[in-house]
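To start, the structure itself, in structure tokens.
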Number of protein chains: 2
Amino acid sequence: MKKIRDFQEFVSKGERLYLRHLSVDCVIFGFHDDSLKVLLLKWKDGGHWCLPGGFVKKNEAVDDSATRILKDRTGLDDIFLQQFHAFGDPFRDRNKELLSIQGKSGKWLMERFITIGYYALVEYSKVSPQPDWLSEECKWVDIHKLPKLIYDHQDIVRKALAELRRSLNDHPIGYNLLPEKFTMPELQRLYETVLDKTLDRRNFQKKMLSLKILERLKERKTGGAHKAPYLYRFDKKKYAKAVKQGLRFGF
Amino acid sequence: MKKIRDFQEFVSKGERLYLRHLSVDCVIFGFHDDSLKVLLLKWKDGGHWCLPGGFVKKNEAVDDSATRILKDRTGLDDIFLQQFHAFGDPFRDRNKELLSIQGKSGKWLMERFITIGYYALVEYSKVSPQPDWLSEECKWVDIHKLPKLIYDHQDIVRKALAELRRSLNDHPIGYNLLPEKFTMPELQRLYETVLDKTLDRRNFQKKMLSLKILERLKERKTGGAHKAPYLYRFDKKKYAKAVKQGLRFGF
DNA sequence: TAATTATTGTGTTGAACAAACACAATGATG
DNA sequence: CATCATTGTGTTTGTTCAACACAATAATTA
């Protein structure tokens with residue numbers, strides 16, 4: 001992929017390259033330090049925060065646009081990605097004065113955009129956040145400590161989180177959000193964080209094990225200042241089979 | 001609203017009026033004769049079947065486009081409407097040769113469209129299906145006996161049904177799909193149809209009543225050749241309260 | 001008008017699951 | 001080697017779910 005040097009070049013090429021009025025925004029979830037994080041960008045100009053996003057090439061599937069954006073910001077392929085909502089209010093991106101667009105060629109950017117929202121589940125430690133040409137910074141932010149975001153990006157995050165919660169009942173999110181090996185307490189804290197409530201340790205373990213998609217490994221010693229918990233990993237075969245049959249968690 | 005006289009006028013005005021590359025398609029569900037129906041249109045030209053759809057005006061919220069389309073095809077306001085997916089494959093509407101567009105002004109219609117899918121739940125008897133200017137016919141079709149549909153409209157229906165099933169756990173669909181007064185067997189057959197499986201009559205009733213959103217009325221005599229079942233209706237207050245707290249059906 | 005028939009209304013039981021809870025084992029710390 | 005926070009496991013109790021049976025009723029018919 002050819003790199004776009006600067007803003008002006010991007011703006012003038014954009015009109016030829018992209019579908020008008022249509023963008024993609026991604027809510028990229030990660031889990032670290034017992035909290036749920038979202039990957040955000042900070043604009044060079046003005047320091048405003050926003051979600052990683054981009055546009056749809058004229059011959060590109062919208063899903064592929066999302067995949068491309070994710071790859072650009074995280075360096076990762078093969079990400080779990082889920083389209084969840086299209087945001088189509090005509091005033092959703094009204095205050096475009098935030099962008100300092102000059103010249104006639106940038107007009108397309110000032111027009112109204114409908115954006116299609118995707119959320120992604122990634123393994124925190126595998127991501128190397130990369131700012132785009134617009135941004136000075138790309139970093140993880142605790143979902144409960146979000147800065148003010150541009151446009152309706154706050155709503156987009158809220159909706160993404162709501163959909164993530166909804167999907168808890170069908171989809172074992174630990175598979176995508178945790179490293180390959182993890183402990184039961186870690187898995188539990190993930191669920192507690194997403195659901196924003198505490199769960200009973202013993203009942204949680206029973207429920208998880210009853211799904212028969214986990215495999216228990218040897219002890220883990222290092223680090224923790226207390227009794228070393230077992231490590232688990234997902235059993236891919238059983239996992240795939242279970243998902244196909246339709247898992248029912250009870251959250 | 002000014003009526004659009006014919007195809008050519010529509011095509012030439014469209015470019016000024018609508019956002020490019022963006023459409024809305026609606027899967028309108030109704031329930032009648034113990035079966036789930038979808039409202040379809042049949043084109044004058046070629047007799048192809050499709051979903052009711054339309055385009056997004058330059059200053060119109062996408063949700064409002066869907067509402068407008070629904071009003072035009074059914075005559076109804078205040079419809080339960082739910083956006084469920086954006087279909088963004090570049091070849092999804094490839095075979096545009098189905099449309100016989102002539103003239104330069106129609107070019108916009110031949111380009112690629114991303115369509116945003118909505119499903120609606122309506123009370124069958126209240127709908128008076130109205131063809132649009134493209135169509136000779138607008139009618140209800142059993143969801144299990146669909147004709148061949150244009151483009152990816154079959155996929156759109158499939159996805160809508162999947163989402164409807166998913167929503168069964170949070171949303172009491174009977175409220176939108178049945179007439180104000182209905183019997184327990186009717187409600188049950190609705191669920192059986194949507195889920196495509198039979199349910200135990202007694203357990204179903206217990207579950208429904210335990211939600212405390214139904215109000216039982218007097219007997220119903222007319223019609224049925226057997227014991228007359230009670231009539232029920234939704235108790236709007238309790239219903240609203242329950243939905244807000246998050247219903248959990250167990251399907 | 002009384003028997004027939006299909007359907008509705010209701011209740012019970014046993015099994016599966018969920019919530020609440022207690023105690024022993026462990027590994028680092030001082 | 002005693003302490004401490006945390007993990008591993010099991011029991012009890014109540015709730016929900018699945019499977020099932022029988023009496024009541026409204027139109028039909030004999």
Side-chain angles (χ1 to χ4, degrees), chain A residues 33-34 165 168-170 172 174 178-179 181-193 195-233 242 245-251, chain B residues 33-34 165 168-170 172 174 178-179 181-193 195-233 242 245-251:
Chain A
D33 278 345
D34 290 350
R165 279 191 186 146
L168 274 193
N169 284 307
D170 321 314
L178 293 178
K181 299 176 184 179
F182 52 88
T183 67
M184 194 58 75
E186 281 166 358
L187 184 62
Q188 181 178 344
R189 280 192 287 271
L190 170 59
Y191 275 81
E192 289 181 332
T193 305
L195 291 167
D196 201 21
K197 69 177 178 191
T198 60
L199 301 169
D200 182 273
R201 195 164 56 85
R202 295 148 284 189
N203 295 332
F204 179 82
Q205 162 145 332
K206 260 177 286 182
K207 186 181 292 186
M208 279 299 158
L209 293 181
S210 74
L211 297 170
K212 308 281 187 195
I213 56 177
L214 293 180
E215 177 188 3
R216 186 158 97 175
L217 310 174
K218 307 287 180 288
E219 292 267 325
R220 141 205 223 200
K221 50 178 181 298
T222 178
H226 303 290
K227 179 171 178 179
Y230 285 105
L231 283 171
Y232 291 84
R233 80 174 144 214
Q245 289 176 354
L247 277 186
R248 311 300 331 295
F249 297 70
F251 295 109
Chain B
D33 280 346
D34 291 349
R165 279 191 186 146
L168 274 193
N169 285 308
D170 321 315
L178 293 177
K181 299 174 183 180
F182 52 88
T183 67
M184 195 57 75
E186 282 166 357
L187 184 61
Q188 181 179 343
R189 280 191 288 271
L190 169 59
Y191 275 80
E192 289 181 332
T193 305
L195 291 168
D196 202 22
K197 69 177 177 192
T198 61
L199 302 169
D200 182 273
R201 193 165 57 86
R202 295 149 284 190
N203 295 334
F204 180 83
Q205 161 144 334
K206 260 175 289 183
K207 187 182 291 186
M208 279 298 157
L209 294 180
S210 74
L211 298 170
K212 308 282 187 195
I213 55 175
L214 293 180
E215 177 188 3
R216 186 157 96 173
L217 310 173
K218 309 284 178 292
E219 293 267 323
R220 141 205 224 200
K221 50 177 182 296
T222 177
H226 302 290
K227 177 170 179 179
Y230 286 105
L231 284 170
Y232 292 84
R233 82 175 142 213
Q245 291 176 353
L247 277 186
R248 311 298 333 295
F249 297 70
F251 293 107

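Letters A, B, ... are given to chains in the order of the sequence lines, protein chains preceding strands, and every chain is numbered from 1.
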Find the distance [X]:[atom1] to [N]:[atom2] and express it as a whole number of Å.
X      : N      : atom1 : atom2 : value
B:R248 : D:dT16 : CZ    : C1'   : 14 Å
B:M184 : C:dT10 : CE    : C1'   : 12 Å
A:Q205 : D:dT11 : CD    : P     : 15 Å
A:L231 : D:dT7  : CG    : P     : 13 Å
A:M208 : D:dT7  : CE    : C1'   : 17 Å
A:K207 : D:dG8  : NZ    : P     : 19 Å
B:R189 : C:dT7  : CZ    : C1'   : 10 Å
B:D200 : C:dT8  : CG    : C1'   : 13 Å

**Prompt:** Is there a side-chain contact between A:F251 and A:K207, using heavy atoms and a 4.5 Å cut-off?
**Reply:** yes

**Asked** For the base of D:dT7, is there a side-chain donor-acceptor partner from A:K227 under 3.5 Å away?
**Response** yes

**Message:** With a 3.5 Å cut-off and heavy atoms only, can you find an N or O donor on one side and an acceptor on the other between the side chain of B:R202 and the base of D:dA21?
**Reply:**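 By the distance-only test, yes, there is a pair.
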
Of the listed nucleotides [options], the one nearest the side chain of [X]:
X      : options               : value
A:A225 : C:dG9, C:dA28, C:dG27 : C:dA28
A:H226 : D:dG8, C:dA6, C:dG27  : C:dG27
B:N203 : C:dG9, C:dT7, D:dA19  : D:dA19

**Message:** Between B:R216 and B:L209, is the side-chain contact (heavy atoms from CB on, under 4.5 Å) condition met? List the steps.
**Reply:** CA-CA 10 Å; B:R216 186 157 96 173; B:L209 294 180; over 6 Å; no

**Item:** B:P185 vs A:R220, nearer the 5' end of DNA chain C by closest nucleotide
**Value:** B:P185

**Request:** Evaluate the criterion side-chain contact (heavy atoms from CB on, under 4.5 Å) for residue pair A:N169 and B:N169; output intermediate values, then yes/no.
**Result:** CA-CA 11 Å; A:N169 284 307; B:N169 285 308; over 6 Å; no

**Request:** Give a yes or no on whether the backbone of A:Q205 and the side-chain of A:Q188 come within a donor-acceptor separation of less than 3.5 Å.
**Result:** no

**Asked** Counting only side-chain N and O atoms of B:R201, is one of them less than 4.0 Å from OP1 or OP2 of D:dA18?
**Response**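 Answer no for this pair, as no side-chain N or O of B:R201 is under 4.0 Å from OP1 or OP2.
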
**Asked** Does B:R216 make a side-chain N or O approach to OP1 or OP2 of C:dT10 shorter than 4.0 Å?
**Response**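 The answer is yes; a side-chain N or O of B:R216 sits under 4.0 Å from OP1 or OP2.
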
**Message:** Using a heavy-atom cut-off of 4.0 Å across all strands, would you classify A:K206 as base, sugar-phosphate, or nothing?
**Reply:**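 Base contact.
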
**Asked** Can you say whether the rings of B:Y191 and B:F249 are parallel (under 30°), tilted (30 to 60°) or perpendicular (over 60°)?
**Response** parallel

